[in-house]
Amino acid sequence: MKFFIDTASLNDIRTAQNLGVLDGVTTNPSLMAKEGITGQENVHAHYRAICEIVDGDVSAEVIATDYPGMLEEGLQLAALDSKIVVKVPMTEDGVRAIKYFSTHGIKTNCTLVFSAGQALLAAKAGATYVSPFVGRLDDISVDGLALIREIRTIYDNYAFSTQILAASVRHSAHILGCARIGADVMTGPLQAIYSLLKHPLTDSGLAQFLADHQRVAAQINN
């Protein structure tokens, strides 16, 4: 499973990249605004900066909600760097835009997906990635992982090449659940990735090894 980080923070992206497990980045207008990045020129410069850090795909979301606007913005974003994936919402105009981009060799990420039917439409339109939102479904007492499982079955039935990018991933249980089901990609914050590192027996075991080493070393020196 690929690991993407869901952020616009260059520091978090560098940290994940330095860990050696990062495969890409996803962003959205809210994450950009959180970092104080506004205005087209600044946003485009920030995307270029992200692309300089990572080796894999970088999802850059359009703000337009109409078909002509999505095409205009998407073409501008795609021209920034070959790593850019144009992120488009799951709407009627969004599906049309995905079809246009896919037929012109531009990678896409269909976002805000909450049903298997939406995921099927995105795949039919040729989306590179489809982003079902696991955490937001859990927030309304709907099993987000069940949606990943359903999409996996449908895509496998018809050999769709669209990759399942599990989004709104918040903790290690989400990541491991997506991995068991067979999601192609997960995207989440830095803390979710780092949560996989932690286990109390690892900490206590390391402490015991170090204590034993110091005890033996002290006996030898005496």
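A side chain to side chain donor-acceptor pair (under 3.5 Å) check over residues 1-10, counting only residues at least two apart or in different chains, returns the pairs Lys2-Gln163, Asp6-Thr26. Residue pairs meeting the salt bridge (charged side-chain N to carboxylate O under 4.0 Å, His left out) criterion with at least one partner in residues 66-91, sequence neighbours excluded, are Glu61-Lys87. Residue pairs meeting the salt bridge (charged side-chain N to carboxylate O under 4.0 Å, His left out) criterion with at least one partner in residues 170-187, sequence neighbours excluded, are Asp139-Arg170, Arg152-Asp184. A side chain to side chain donor-acceptor pair (under 3.5 Å) check over residues 33-48, counting only residues at least two apart or in different chains, returns the pairs Thr27-Tyr47, Gln40-Gln76. Within the structure, ring pair (Phe, Tyr, Trp, His ring centres under 6.0 Å) contacts touching residues 140-171 (residues at least two apart or in different chains) are Tyr155-Phe160, His171-His174. Among pairs with a residue in residues 70-96, none fulfils ring pair (Phe, Tyr, Trp, His ring centres under 6.0 Å), at least two apart in sequence or across chains.
In terms of the salt bridge (charged side-chain N to carboxylate O under 4.0 Å, His left out) criterion, residue partners of Lys107 (sequence neighbours excluded) are, by chain and number, Asp57. For the salt bridge (charged side-chain N to carboxylate O under 4.0 Å, His left out) test, no residue two or more places apart in sequence or in another chain qualifies with Arg136. Remark: Tyr100 engages His104 in a ring-ring contact (aromatic ring centres under 6.0 Å, His included) (not counting sequence neighbours). Looking at residues two or more places apart in sequence or on another chain, you find a ring-ring contact (aromatic ring centres under 6.0 Å, His included) between Phe114 and Phe133.
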Indicate every side-chain donor-acceptor pair of residues 16-24 with a distance under 3.5 Å to a residue at least two apart or in another chain.
from	atom 1	to	atom 2	distance (Å)
Asn18	ND2	Arg14	O	3.2
Asp23	OD2	Phe3	N	2.7

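Through direct or relayed side-chain contacts under 4.5 Å between Ile, Leu, Val, Met, Phe, Trp and Tyr, Val185 connects to Phe4, Val85, Tyr129, Leu165.
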